[in-house]
Amino acid sequence: MILIGFMGCGKTTIAHELGLQLNKKTIDLDDVIPKIAGQPIPEIFAAEGEAAFREYEFQALQSILKENAIIATGGGVVTYEKSYALLKELTDIPVFFLNAPFDDLYSRIQKDDNRPLGNQDIEKVRGLYNSRLDKYSALADREISTSKTVADTAAEIINYIDDGNFKA
Ligand SMILES: Nc1ncnc2c1ncn2[C@@H]1O[C@H](COP(=O)(O)OP(=O)(O)O)[C@@H](O)[C@H]1O
Ligand SMILES: O=C(O)C1=C[C@@H](OP(=O)(O)O)[C@@H](O)[C@H](O)C1
Ligand SMILES: [Mg+2]
């Protein structure tokens with residue numbers, strides 16, 4: 001499965017939790033990108049800019065899509081046309097959109113130096129969130145609220161899969 005959603009919605013955390021519970025491999029795109037780029041994410045943004053980051057992110061996505069894994073994306077993957085198209089083409093991999101009220105997301109991510117686009121003025125980050133919402137919804141097979149505990153969120157996804165809606 002693939003997890004999408006804005007920064008702080010819990011993609012990394014929930015992918016890890018689901019990997020443990022379902023005994024499946026977990027891949028976080030944000031861990032693959034630095035290997036391709038040869039430097040950490042904040043340095044990619046600082047040295048090469050967002051456009052270069054999005055291309056690395058696309059390459060990372062392309063390289064791992066065939067793996068039978070729980071995949072956590074980065075929140076901005078939907079903003080790059082090539083990555084969006086790749087996600088839109090998927091038919092046999094379920095896409096879950098994790099979401100929570102913006103103010104909760106912002107409080108989860110603020111003051112984190114590892115997220116260059118989250119570490120900005122609240123109104124700028126709100127603008128990013130609003131500009132991405134339709135894309136997350138359009139790509140998702142199912143929206144999952146993360147306004148609850150990590151355990152309850154993971155359980156909701158597992159129940160949904162167990163009900164026969166999707167394979168993991
Ligand atoms: N229900 C939940 N699911 C996932 N994360 C949650 C939840 N409730 C609180 N959190 C917290 O929100 C943060 C989410 O961060 P992270 O998993 O890195 O998000 P993302 O990868 O989407 O940016 C973590 O600090 C996590 O502990
Ligand atoms: O929303 C974004 O543009 C980004 C989200 C980050 O991932 P998370 O969504 O896991 O924080 C990371 O890919 C990078 O800092 C850019
Ligand atoms: Mg993450």
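One-based numbering, in listed order, for ligands and for the atoms of each. Positions are given from 1, in the same order as the sequence printed here.
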Q. Atoms of ligand 1 less than 4.0 Å from Thr149 heavy atoms?
A. 1 (N)
(Q) Checking the side chain of Ser137 only, and the main-chain atoms of Leu133 only, is there a donor and an acceptor separated by less than 3.5 Å? (A) yes
Q) Just to confirm, does any protein heavy atom lie below 4.0 Å from atom 25 (O) of ligand 1? A) no
Q.
Does Glu123, at its CD atom, have more than 12 non-hydrogen atoms belonging to other residues, nucleotides or ligands within less than 6.0 Å?
A. yes
Q. Backbone N or O of Ser83 within a donor-acceptor pair of the Lys88 side chain at under 3.5 Å?
A. no
Q) Does one side chain, of Glu143 or Tyr136, offer a donor that lies under 3.5 Å from an acceptor on the other? A) no
Please tabulate, one line per pair, the protein N or O atoms found under 3.5 Å from any N or O atom of ligand 2, giving the distance to one decimal.
residue, atom, partner, partner atom, Å
ligand 2, 1 (O), Gly76, N, 3.2
ligand 2, 1 (O), Arg132, NH1, 2.7
ligand 2, 3 (O), Arg54, NH2, 2.7
ligand 2, 3 (O), Arg132, NH2, 2.9
ligand 2, 7 (O), Asp30, OD2, 2.7
ligand 2, 9 (O), Lys11, NZ, 2.7
ligand 2, 9 (O), Gly75, N, 2.8
ligand 2, 10 (O), Asp30, OD2, 3.3
ligand 2, 11 (O), Arg115, NE, 2.6
ligand 2, 13 (O), Asp30, OD1, 2.7
ligand 2, 13 (O), Asp30, OD2, 3.2

Q.
I'd like to check which ligand 1 atoms, numbered from 1 as shown, lie under 4.0 Å from a non-hydrogen atom of Ile14.
A. 3 (N), 4 (C)
Q) With a 4.0 Å heavy-atom cut-off (strictly under), which part of Arg108 contacts ligand 1: side chain, backbone, both or neither? A) side chain
Q: List the closest protein heavy-atom neighbour of atom 21 (O) of ligand 1: residue, atom name, distance to the nearest 0.1 Å.
A: Thr12 OG1, 2.8 Å
Q: Answer yes or no: does atom CG of Asp121 have more than 12 heavy-atom neighbours from other residues, nucleotides or ligands under 6.0 Å?
A: yes
**Q.** Heavy-atom donor-acceptor pair, Ser107 side chain to Asp104 backbone, under 3.5 Å
**A.** yes
(Q) Which of the numbered atoms in ligand 1 are under 4.0 angstrom from any heavy atom belonging to Arg115? (A) 15 (O), 16 (P), 18 (O), 19 (O), 20 (P), 23 (O)
Q.
Assess whether a salt bridge exists between Lys11 and Asp28, defined as any Lys/Arg side-chain N lying under 4.0 Å from an Asp/Glu carboxylate O.
A. no
Q: From atom 20 (P) of ligand 1, work out which of Glu156, His16, Glu17, Lys11 has a heavy atom at the shortest distance.
A: Lys11
Q: For Phe6, take its heavy atoms, then give the atoms of ligand 1 lying under 4.0 Å from any of them.
A: 22 (O)
Q) Got a sec: does the CG of Asn23 have more than 12 other heavy atoms crowding it under 6.0 Å? A) no
Q.
Assess, by modelled atom type and distance only, whether the side chains of Arg108 and Thr146 contain a donor and an acceptor separated by less than 3.5 Å.
A. yes
Q: Provide, to 0.1 Å, the distance between atom 14 (C) of ligand 1 and the closest protein heavy atom, together with that atom's residue and name.
A: Gly8 O, 3.6 Å
Q: Indicate whether any N or O donor in one side chain lies under 3.5 Å from an N or O acceptor in the other, for Asn68 and Lys24.
A: yes
**Q.** Donor-acceptor under 3.5 Å (Gln120 side chain, Leu117 main chain)
**A.** yes
**Q.** Proximity flag Cys9 to ligand 1, non-hydrogen atoms under 4.0 Å
**A.** yes
Q: Among all protein heavy atoms, pick out the one at the shortest distance from atom 17 (O) of ligand 1; state its residue, atom name and that distance to 0.1 Å.
A: Thr13 OG1, 2.4 Å
Q | Minimum-distance protein heavy atom relative to atom 19 (O) of ligand 1 | A | Gly10 N, 3.2 Å
Q. Should the proximity of Thr153 to ligand 1, defined as any heavy atom under 4.0 Å, be assigned to the side chain, the backbone, both, or neither?
A. side chain
Q: Within a distance under 4.0 Å of any heavy atom of Met7, pick out the atoms of ligand 1 and give their elements.
A: 23 (O)
**Q.** More than 12 heavy atoms from other groups under 6.0 Å of NZ on Lys148
**A.** yes
Q: Could you verify whether a donor N or O on one side chain and an acceptor N or O on the other, from Asn99 and Tyr129, lie under 3.5 Å apart?
A: yes
Q.
Which of the numbered atoms in ligand 1 are under 4.0 angstrom from any heavy atom belonging to Lys148?
A. 1 (N), 2 (C), 7 (C), 8 (N)
Q. Is it the case that more than 12 heavy atoms not belonging to Lys82 sit under 6.0 Å from its NZ atom?
A. yes
Q.
Is Met7 close enough to the Mg ion (ligand 3) that one of its N, O or S atoms comes in under 2.8 Å?
A. no
